[in-house]
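Following: one structure in structure tokens, then a few remarks.
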There are 2 protein chains.
Amino acid sequence: MIEITDAAVLTRLRDFLATTDLPDDGRLPPERELAQSLEVGRGALRKALATLQSEGVVWRHVGKGTFTGERPIDTVADVNAMVQRTNPLEVMGARIAFEPEVARCAALYATAGQVAEMRNCMLKAQQAPTWRQYEQWDNKLHRTIGEASQNSLLLGLLDTLNAVRRAVTWGRLRDTPLRPPADHHSFEEHARIVAAIADRDGAGAADAMRRHLRSVESHMRDRL
Amino acid sequence: MIEITDAAVLTRLRDFLATTDLPDDGRLPPERELAQSLEVGRGALRKALATLQSEGVVWRHVGKGTFTGERPIDTVADVNAMVQRTNPLEVMGARIAFEPEVARCAALYATAGQVAEMRNCMLKAQQAPTWRQYEQWDNKLHRTIGEASQNSLLLGLLDTLNAVRRAVTWGRLRDTPLRPPADHHSFEEHARIVAAIADRDGAGAADAMRRHLRSVESHMRDRL
DNA sequence: AACCAAAACCAATTCAAGATTGGTTTGGCG
DNA sequence: CGCCAAACCAATCTTGAATTGGTTTTGGTT
């Protein structure tokens, strides 16, 4: 019988990786096929693959297969994890830290169309016949500001923050008055933010956003 | 033929929503069923549903169905999606916008133990024999600052940002010298940040962090 | 007994085909 | 023209079989 050492299997496997054209996703054939192709027992192949995996050359997962390169990060459950650890006060703290800087970027890069959309959101929010619709337009306003930063990563983080916010402040505006009053504090605060953005005043936009969120926070505390 | 106005259909629909027990997910029957059940044409029902949707009472999506309440945002903080849309420049922009404010919070709330850990990270980074280990301690320093903000949501967002950063800045430390030079610009910048945090100087910490990241950014541009 | 390889089994994942579902178009009937 | 039912469309869900890495069992060889 021909002697095949573990090292020899490893060499064959490395050779295979070096000489074979892998598909775009870097996936290599399943264990069973590869073992036959390399004329090696499956167990021996698995040992070699385990070595390569510990070296970080490949990564593998049941049902998926074996791939070259580094294992892609998956942070799907992140939002849920954040939701469980945090609380409404922390959410407001994060908003106060984060959103003013987003507004500052937005002031630098917002297009005329985006400013127009912000104004539209403000108008629709003021005319909203219900709190639900007011909030919808308020959300869209804040997200438009995020889009205006022209930074898809900042926008992504803002979306994550909002996802957590909605999950955390769950069921707070029950039995509130039917619609926002005409002198609702947010209206003027929104106007100041948008005006500063339109003026390309980064510091002013950040300041106005910070004041707005502080105001929201204080009203939130009052309600508790 | 019996006359059925649009308003009457809307009333029947609202009545149905008020009297019917919906499943947990708030899904209501498909259009075709509901139309038959309410003894109304599908077109007429669609009009009424469109009204409810504009009011925010229900939301709908092809293939999914019609649901009461607000449309859930994609709770998936899909890092991979962000990675595909963004680029290294955006990542730095987001860091410059975000991390200084995290440092500001950290200055307000950091414990003595956390400050000590920051100093330890700085020391280990200076003594690091390889770039890889330097980066490891640099990462830990920045994360400790995030922990010191005492805001788990800020920390979660920072982690998300870092996950994107690692995935995006592929191939950064190729053919670099073996280890960071003793006069590496980051060392003094880190020291300023930590000193400001230890002094409870929020503005100073934010400023020092901003300068540090700008410095990193400029060095990154030089390398391109 | 020790070892090894082949087969069988397991659970996570993918894949494919069909059924649902909101949205749109068409044709018929007043 | 308006209305409505039917057909059609594309996105989504559902279901079951096939794949795949990981584990256990089995049977033979030394």
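Side chains included, hydrogens not; waters and symmetry mates left out as well; all remaining heavy atoms used. In what follows, chains are A, B, ... by sequence order, proteins preceding strands, each numbered from 1.
- E147(A) and T144(A) are not linked by any side-chain donor-acceptor pair at a separation below 3.5 angstrom, with hydrogens and angles left out of the test.
- Atom CD of Q36(A) sits in a sparse spot, with 12 or fewer heavy atoms from other residues, nucleotides or ligands closer than 6.0 Å.
- Each end of the helix from dA1(C)-dT30(D) to dG30(C)-dC1(D) gets its own axis, taken as the rotation carrying the C1' atoms of four end pairs onto the next four within a five-pair window, and the two axes meet at 10° to the nearest 10 degrees.
- Residues R95(A) and N162(A) have side chains that never bring a donor and an acceptor to within less than 3.5 angstrom of each other.
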Sugar-phosphate or base contact per nucleotide [nucleotides 25-30 of chain C; S, B, -; heavy atom under 4.0 Å]:
------
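- The shortest side-chain heavy-atom distance between E33(B) and S37(B) does not fall under the 4.5 Å cut-off.
- Checked against ring pair (Phe, Tyr, Trp, His ring centres under 6.0 Å), W59(A) has the following partners two or more places apart in sequence or in another chain: F67(A).
- Taking H184(A) as the reference, W131(A), Y134(A), F187(A) meet the ring pair (Phe, Tyr, Trp, His ring centres under 6.0 Å) condition, with sequence neighbours excluded.
- Side-chain atoms of T160(B) come within 3.5 Å of backbone N or O of G156(B) as a donor-acceptor pair.
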All N/O contacts under 3.5 Å from nucleotides 25-30 of chain D to the protein, with atom names and distances to one decimal?
none

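- Q114(B) places a side-chain N or O within 3.5 Å of a backbone atom of T111(B) that can act as its donor or acceptor partner.
- Near DNA chain C, meaning a heavy atom under 4.0 Å away, the residues from residues 42-55 of chain B are R42(B), R46(B).
- A salt bridge links E117(A) with K140(A): the closest approach of a Lys/Arg side-chain nitrogen to an acidic carboxylate oxygen falls below 4.0 angstrom.
- Scanning for side-chain contact (heavy atoms from CB on, under 4.5 Å) contacts around E90(B) gives N151(A), S152(A), L153(A), T86(B), N87(B), with sequence neighbours left out.
- Relative to the side chain of H61(A), the nucleotides dT13(C), dT21(C), dG21(D) differ in distance, and dT13(C) lies closest.
- Taking only side-chain nitrogens and oxygens, T66(B) comes nearer than 4.0 Å to OP1 or OP2 of dG22(C).
- Among residue pairs with one or both ends in residues 88-130 of chain A, those qualifying as ring-ring contact (aromatic ring centres under 6.0 Å, His included) are F98(A)-F98(B); sequence neighbours excluded.
- A 4.5 Å side-chain heavy-atom check between L34(A) and L28(A) finds at least one atom pair inside the cut-off.
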Do any side-chain atoms of residues 15-22 of chain A form donor-acceptor pairs under 3.5 angstrom with protein atoms, and if so which ones, sequence neighbours left out?
| from | atom 1 | to | atom 2 | distance (Å) |
| --- | --- | --- | --- | --- |
| T19(A) | OG1 | D15(A) | O | 2.9 |
| T19(A) | OG1 | F16(A) | O | 3.4 |
| T20(A) | OG1 | F16(A) | O | 2.7 |

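- Within residues 25-38 of chain A, the residues approaching DNA chain D are R27(A), P30(A), E31(A), R32(A), by heavy-atom distance under 4.0 Å.
- Here salt bridge (Lys or Arg N to Asp or Glu O under 4.0 Å) pairs that include residues 41-63 of chain A, with residues two or more places apart or in two chains, are D6(A)-K47(A), R14(A)-E55(A), E31(A)-R42(A), E31(A)-R46(A), E31(A)-R60(A).
- Side-chain N/O atoms of K64(B) include one lying less than 4.0 angstrom from OP1 or OP2 on dC13(D).
- Under the side-chain contact (heavy atoms from CB on, under 4.5 Å) criterion, A206(A) pairs with P100(A), R104(A), R210(A), sequence neighbours left out.
- One atom, CZ of R60(B), and another, C1' of dT20(C), lie 14 Å apart when rounded to the nearest Å.
- Rounded to an integer number of Å, the gap from CG of L13(A) to C1' of dG21(D) is 15 Å.
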